[in-house]
Amino acid sequence: MVVKQSVEVAIIGGGSTGLMTAYYLAREGVKDIHIFEGRYLGFGSTGRCAGGVRASFASDVHVKLMKESISRWLSLREEISGLEFVQDGYLWLLTTEELVEVHKKLSAYQNSLGVPTRILERDEIRDMVPIELNDILAALYDPMAGKASPLKFLWSVRRKLRELGVAIHEYTPVTNVRVSGGRARSITINESKDVEVGGHVVVAAGVWCKDILERIGVKIPLKKDPHHLLVTEKYVQFIKPLVIHKETGSYIVQHETGSLLIGTEFPVPEEDTTLRYGYLRKAVTIMSRYFPQILSTNLLRVWIGYYEVTPDHHPIVGVIPHLENLVVATGFSGHGYMMAPIIGEELKNIILEGKPKLPETRELRLERFEEGKLLKESAVFG
Amino acid sequence: MMVKLLCICEEITLEEVQKVIKEEGIKDIETLKRRLRIGMGPCGGRYCINTILRMYPQLFGDTARGKSDTELNVPPSRPPLKPIPLYTFKER
Ligand SMILES: Cc1cc2nc3c(=O)[nH]c(=O)nc-3n(C[C@H](O)[C@H](O)[C@H](O)COP(=O)(O)OP(=O)(O)OC[C@H]3O[C@@H](n4cnc5c(N)ncnc54)[C@H](O)[C@@H]3O)c2cc1C
């Protein structure tokens, strides 16, 4: 597609954040929206993620935003044909007395914010999933949570955006943003062509937001945190909720195709995307302790993607200070996919109303790091 | 009628491939792969991706001759080469 000389809204990045921003803007009737994606939609973290969606967090900001996001996921599956969201819950397996105590408190806290999590006893867990209980003492169940296949999300949203008239420029990297007089004026694509921007520029480029913004002298505290994921061949449907082994940050989820995705915490250096055998050993050894059935299925692929991590494990969302039409959204750790619907809608609000609707989104301003007002979260896992 | 399977693992016909390319404006193999799961089954793309490369002009209306894998956006091969049972990785 030939890119015009000037556009109204330029969205940099074709992951869940950029796509949802385009969707909510287009739904509101905004015209001349352009997504610029350096590779193909989903090349970044979105195409590599597990597709888990939950509101069982340990900070007000995350819980409240995710409650809103889940209500959007429920509408999106009606609005966008092909998009899948299955509310089968999350099950957090707890293996020490201490974890059980913490999660009792966590559940009470979540209940107070309207997220109906509850503690399950051993036999209740067995009623829910075909599991070998071993050392499991109890579990926290989140019935509001669910899963949404990232691949289906990508193609169904792509198709919907095309219908709505959003221009999607794939294999079109944005190599520069030109700013002057407190505004972003244009973007450079493919290192050669300048495209003027009349309205807003949205930087939704995942971990690469840092590089784009650094070029115009804006520093954001963002780190790449590589995480492995494996997928198996199709297996008979046997496990509905996404199950997490809290002590080791290991998880398993089965999507509608039947394939199993298994992840685990396996720290590697920031820029190192070498696939590790140790990850496979850890993921399989821990998960098969509880689900020995999986041992007979085949490993199909393994890959690495990035969590986008900030110092307080909360996202950065909002207008860049002193650049009134330049907006950024990143730093979602391992939760940017599930948050994309509410973040996309809030970016729409920022663009059309000048500010986000929810007080929680306002807390995600970039300025908080300089002001030393960091947010708190204790339930980040693999 | 004879059905032409382009992807055996996921049972995707040539007709389906042509349809989504046309209707959804797909211009590259990476996007086609994620759209129809071609190349994501047990063969790891060994058969279907090669077929797509052979049929490139017919499918995408453009010639593949003389272009590199990068220019054609051929999906990278991911380990393992062949599916292996998970028990291989279990610590004993
Ligand atoms: C293994 C793993 C499992 C995960 N599991 C979950 C989960 O269960 N639930 C959940 O909510 N989250 C999960 N996450 C996190 C989630 O994937 C991310 O937080 C989310 O996808 C971020 O989306 P994004 O759109 O902000 O960024 P991305 O998806 O990274 O998209 C950014 C896009 O910008 C493009 N880009 C970069 N630079 C440029 C440029 N200069 N010009 C044009 N385009 C550019 C990239 O190619 C990329 O496609 C997981 C992540 C990993 C790695």
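Chain naming here is simple, since letters A, B, ... match the order of the sequence lines and numbering starts at 1 in each. Atoms considered below: every heavy atom in the structure, side chains included; atoms not considered: hydrogens, waters and symmetry mates.
With a 4.5 angstrom heavy-atom cutoff, Ser259(A) touches chain B only via side-chain atoms. Heavy atoms closer than 4.5 Å to chain B are found in the side chain of Arg158(A), but not in its backbone. For a residue to count as touching a neighbouring chain, one of its non-hydrogen atoms must lie under 4.5 Å from one of that chain's; by this rule Ser77(B) does not touch chain A. Looking at Ser288(A), the atoms closer than 4.5 Å to chain B (heavy atoms on both sides) all sit in the side chain, from C-beta outward.
If you look at Tyr277(A) and Phe89(B), their ring centroids are closer than 6.0 Å.
Under the 3.5 Å distance criterion, with hydrogens and angles disregarded, a donor-acceptor pair is assigned to the side chains of Tyr171(A) and Asp28(B). In the model, Asp135(A) has a side-chain atom that pairs as donor or acceptor with a side-chain atom of Tyr290(A) under 3.5 Å. Side chain to side chain, Asn190(A) and Ser192(A) fail the donor-acceptor criterion of an N or O pair below 3.5 Å.
The greatest number of non-hydrogen atom pairs below 4.5 Å with chain B, out of Arg39(A), Arg281(A), Lys234(A), Glu170(A), is found for Arg281(A). Of the residues considered (Leu275(A), Ile294(A), Ile286(A)), Ile294(A) shows the highest number of contacts with chain B, using heavy-atom pairs under 4.5 Å. Comparing Leu300(A), Leu280(A), Leu151(A) by how many heavy-atom pairs each has under 4.5 Å with chain B, the most go to Leu300(A).
With a 4.5 Å cut-off on side-chain heavy atoms, Leu260(A) and Ile239(A) count as touching.
A salt bridge between Lys19(B) and Glu15(B) is absent, with no side-chain N of the basic residue lying under 4.0 Å from a carboxylate O of the acidic one.
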